[in-house]
Amino acid sequence: MVRDGDTVALEGFTHLIPFAAGHEIIRQRRRNLTLIRMTPDLIYDQLIGAGCAAKLVFSWGGNPGVGSLHRLRDAVENDWPAPLALEEHAHAGMAAAYAAGASHLPFGVLRGYLGTDLPKYNPKIKFIECPFTGEKLAAVPAHRPDVTVVHAQKADRKGNVLMWGVVGVQKEAVLAAKRSIVTVEEIVDRLDAPPNAVVLPSWVVGAVCAVKGGAFPSYAQGYYPRNNAFYKQWDGIAREREGFQQWIERHVMGTKDFDGFQRSLEAAVKHA
Amino acid sequence: MVRDGDTVALEGFTHLIPFAAGHEIIRQRRRNLTLIRMTPDLIYDQLIGAGCAAKLVFSWGGNPGVGSLHRLRDAVENDWPAPLALEEHAHAGMAAAYAAGASHLPFGVLRGYLGTDLPKYNPKIKFIECPFTGEKLAAVPAHRPDVTVVHAQKADRKGNVLMWGVVGVQKEAVLAAKRSIVTVEEIVDRLDAPPNAVVLPSWVVGAVCAVKGGAFPSYAQGYYPRNNAFYKQWDGIAREREGFQQWIERHVMGTKDFDGFQRSLEAAVKHA
Amino acid sequence: MPDAGYSSDEMMTIAAARMIRNGASLFVGIGLPSAAANLARLTHAPETVLIYESGTIGTKPSVLPLSIGDGELSETAESVVSVPEMFAYWLQGGRIDLGFLGAAQIDRFANINTTVIGDYRKPSTRLPGAGGAPEIAASCKEVLIALRHNKRAFVNKLDFLTSSGHMEGGDSRERMKLPGKGPTAVITDLGILTPDPVTRELTLTSLHPGVTAEKVVESTGWPLKVAPKLETTAPPSETELRVLRDLNERTKRAHAGQA
Amino acid sequence: MPDAGYSSDEMMTIAAARMIRNGASLFVGIGLPSAAANLARLTHAPETVLIYESGTIGTKPSVLPLSIGDGELSETAESVVSVPEMFAYWLQGGRIDLGFLGAAQIDRFANINTTVIGDYRKPSTRLPGAGGAPEIAASCKEVLIALRHNKRAFVNKLDFLTSSGHMEGGDSRERMKLPGKGPTAVITDLGILTPDPVTRELTLTSLHPGVTAEKVVESTGWPLKVAPKLETTAPPSETELRVLRDLNERTKRAHAGQA
């Protein structure tokens with residue numbers, strides 16, 4: 001469902017990051033993507049390093065608590081493996097842009113960006129006046145991805161999706177998109193969602209696909225914890241181009257699916 | 001905490017309507033209030049008929065599924081017991097105004113009011129242009145009540161509040177207000193809130209007060225159902241001024257608190 | 001029609017229910033829209049997704065709710081969201097197939113009034129007002145309207161335009177950039193009116209059994225256009241009548257014994 | 001300071017933690033802010049409400065999270081909200097007492113850069129970027145900033161202004177109508193700087209034990225003002241050191257054994 005040149009959002013705020021779906025995009029050798037994501041994280045470091053991206057729309061591009069995303073930096077600083085255009089926001093602006101997209105509004109309004117240099121480099125940040133008070137507020141155009149991909153804990157057999165814990169902007173990202181894909185830890189007979197839970201009814205979701213462990217090395221609350229050690233290891237894997245390329249070839253391109261990827265990683269650990 | 005002349009929002013969308021708090025405002029003979037509420041319902045019919053209100057900010061003023069709010073109509077059509085200024089919106093505009101208030105934005109934006117006569121009579125509905133696409137969108141000023149009152153199912157001993165089911169605009173109304181009061185069905189040792197539940201942490205709530213049954217004749221999910229029969233009876237009680245006044249005198253002014261009100265209503269049913 | 005075996009209100013509800021496509025997402029108001037939507041769900045359209053503005057999505061009530069937020073709606077819903085989310089992400093989001101409205105007054109272009117009879121500032125009758133209707137009328141992909149047919153309701157000029165139909169007809173709705181297509185049918189106790197594809201003026205296209213075109217024209221406050229090929233609405237089937245009456249009976253019992 | 005019995009980073013974290021008033025609501029970033037906030041919560045400020053931008057409100061983690069959304073944050077939170085709600089209703093809503101930021105560069109008016117070193121379009125070092133910082137800096141009632149003190153960080157001119165401090169000093173922040181008061185202290189591994197009440201220029205007001213004013217001035221990329229009455233930061237107490245080290249030890253163990 002992802003095509004070359006698409007604008008794609010893979011969301012999940014530290015939690016439920018759709019790594020399995022990201023790997024599949026790499027395996028399918030998609031090119032020229034505009035990638036949207038608040039926190040690019042390891043998943044976009046991999047997509048960028050693998051040459052899938054032409055542009056990144058984001059607000060914080062680091063390896064949380066560890067340091068840099070070396071593939072992102074290499075693309076920005078040295079155009080490797082290809083130049084990467086940046087459309088840079090702050091989190092508040094990204095959140096407002098997704099919410100506007102979900103709301104079918106052309107723009108979102110926020111009290112933001114005042115005094116910062118971001119509007120100088122991102123023409124999509126403008127300032128408007130309140131029609132009642134004259135106050136100056138920031139405006140950002142709505143995000144409307146061609147495809148949004150998120151990972152969730154459960155779906156029922158009809159395709160209704162349930163997620164809980166840190167839910168980030170996943171709901172907004174799905175509702176803002178033209179098409180959407182949800183990978184889930186498991187498909188169950190009954191969702192048994194608590195009242196007011198975050199549920200995506202089947203009729204607003206394009207496709208649902210069970211991928212156990214599909215958020216690794218991020219986490220799925222109630223299923224497995226964040227693999228903080230892998231996040232730390234990534235710093236070494238991605239620091240040099242060669243090491244990164246070997247890793248991607250061996251564990252992503254060299255495997256058929258996410259299950260294969262996980263087995264390949266385990267084998268590597270055993271032989272280390 | 002409610003003073004004469006205040007702008008007051010008692011919210012609860014068909015569910016968890018803070019009737020007990022409304023009665024207390026009537027008992028305290030508050031005057032000159034600006035009442036905000038999406039659906040005035042019986043609670044505002046009572047406040048208006050009792051002479052507490054100078055202005056009503058609303059979007060739908062009926063007795064749901066039954067018919068008119070006769071006290072509201074009498075105030076608008078005949079200035080009884082006092083003239084009532086109207087600031088009239090649609091639901092979408094009211095919801096956007098509360099959300100803007102909770103967000104500390106001076107106004108909310110919506111795709112609304114296009115083609116309708118409402119902007120002709122409500123100068124607080126304006127139209128703005130999207131700075132990116134030039135599209136015409138409606139803008140409404142944020143609601144910032146002096147006091148918001150809501151009813152919820154539970155609070156813990158620290159004052160954290162949990163509500164579930166139809167949660168309406170209660171969270172937004174509380175967060176938009178300068179002061180807030182929450183009545184609850186019960187105070188418990190532990191909230192045991194499910195993940196992502198609607199919780200108001202104690203530090204954003206002004207006061208919490210246990211009033212068992214305090215949403216009658218609306219309902220508190222998990223505690224008691226909506227008393228649809230009373231909603232139907234209200235049509236007869238409120239149709240004529242005399243009948244309404246007798247009812248308010250006997251059951252509200254003539255009782256000390258909501259418990260007294262409920263006993264007084266029960267006694268009336270037994271003698272009928 | 002005392003000997004038809006059904007009332008004209010039943011015919012209206014059943015005719016309205018038939019317009020609901022199975023699987024459609026449906027934004028439902030209280031009263032006839034709710035009855036028709038639930039009738040459809042219990043007969044030919046079991047996969048219909050019922051949405052009430054209280055925030056309840058995909059609800060399956062066993063009785064008709066009196067309010068749009070009765071407890072059963074939230075207990076049987078697939079998802080219950082806040083009211084700001086309902087209006088922003090769901091209705092304005094453009095994901096609702098069909099909106100279903102009632103009205104106190106309607107004009108020839110299916111614009112409707114639910115606000116006042118008489119002058120806004122000194123009304124002879126103050127009606128409940130807009131509620132969710134203006135944005136339902138604007139943002140749902142299609143809109144159905146149901147109301148009883150008489151000259152007080154079908155007026156030459158609205159006292160107040162609460163919710164936009166086809167505005168002044170022709171392409172005036174499109175020019176105003178309202179997102180949805182607007183009203184596609186008006187179902188009454190006498191027949192069915194649909195907008196002319198070009199002028200968008202409401203035209204009588206179907207008569208309920210036993211009703212004459214003259215009766216409908218007489219009950220309309222403007223010179224009503226009548227389609228050259230006028231159809232007759234199929235009478236209620238046994239199943240439709242039985243399911244509707246059962247639903248109404250269950251509803252009556254449920255809303256009685258409490259006060 | 002090899003014989004002080006604590007490191008300069010420990011002094012910095014502890015000095016930062018002391019600035020947190022018990023009961024305050026605190027918007028916390030990862031790294032030193034998170035360590036200081038949790039240290040405060042585990043010592044003198046048990047009622048501190050910790051808020052991470054992942055949507056977790058009132059969390060009580062037993063170890064320091066590596067990311068701002070680790071599972072323990074949501075498991076121990078009083079409430080977990082969506083990210084759009086966090087930024088709109090909570091941060092922008094103006095209900096957070098204290099924001100706590102780090103920085104790669106800071107200028108004399110406590111404006112900070114976390115975006116790039118060098119030219120934006122051809123940076124020598126691409127940093128992670130803004131994240132939540134610009135609106136934390138704008139909307140929290142007060143802001144604390146913590147970073148190591150050296151000339152690469154304390155610069156005469158920022159390469160990029162990511163988050164607004166006191167802008168050009170004086171009343172320039174107020175004139176820009178930023179909602180919060182802005183930075184009230186900068187805590188480093190050498191001492192504490194606070195903005196002059198009038199000019200808003202950062203002034204050295206406290207030295208950590210064993211540090212000289214000359215050393216701080218030398219480590220600053222502009223001619224640093226030094227307060228006439230320079231205080232000395234109280235050294236870490238035994239309790240502070242023990243709780244911080246326990247916390248770091250627990251954290252290290254928790255983040256190791258998984259991959």
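Owing to the predicted nature of the structure, the values given are computational and were not obtained by experimental measurement. Quick note on labels: first sequence line is chain A, next is B, and so on, each numbered from 1.
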Subject >> Most contacts with chain A, counted as non-hydrogen pairs under 4.5 angstrom, among B:Val166, B:Val140, B:Leu110 >> reply: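 Most pairs with chain A among the choices: B:Val140.
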
Original post:
Among B:Ala142, B:Cys130, B:Ala139, which residue forms the greatest number of heavy-atom pairs with chain A at distances under 4.5 Å?
Top reply: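 That would be B:Cys130.
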
Closest heavy-atom pair and its distance - [X], [Y]:
X        : Y        : result
B:Asn196 : A:Trp164 : OD1-CA, 3.2 Å
B:Pro131 : A:Lys126 : O-NZ, 3.3 Å
B:Val109 : A:Val109 : CG2-CG2, 3.9 Å

Subject >> Interface residue of largest heavy-atom contact number with chain B, from A:Ala197, A:Gly108, A:Pro106, A:Ala100, under 4.5 Å >> reply: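 Max contact count across the listed options: A:Pro106.
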
Original post:
Do B:Val167 and A:Pro195 have side chains that get closer than 4.5 Å, going by heavy atoms?
Top reply: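 Heavy-atom side-chain distance check fails, nothing below 4.5 Å.
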
Original post:
Below 4.5 Å, heavy atoms only, C-beta onward: do A:Phe107 and B:Leu137 meet side chain to side chain?
Top reply: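 In short, these two side chains touch, coming nearer than 4.5 Å.
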
Original post:
Backbone N or O of B:His104 within a donor-acceptor pair of the A:Arg111 side chain at under 3.5 Å?
Top reply: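 Between the backbone of B:His104 and the side chain of A:Arg111 there is a qualifying donor-acceptor contact (under 3.5 Å).
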
Subject >> From CD1 (B:Ile128) to CD (A:Glu129), nearest 0.5 Å >> reply: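 Reported to 0.5 Å precision, the distance equals 11.5 Å.
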
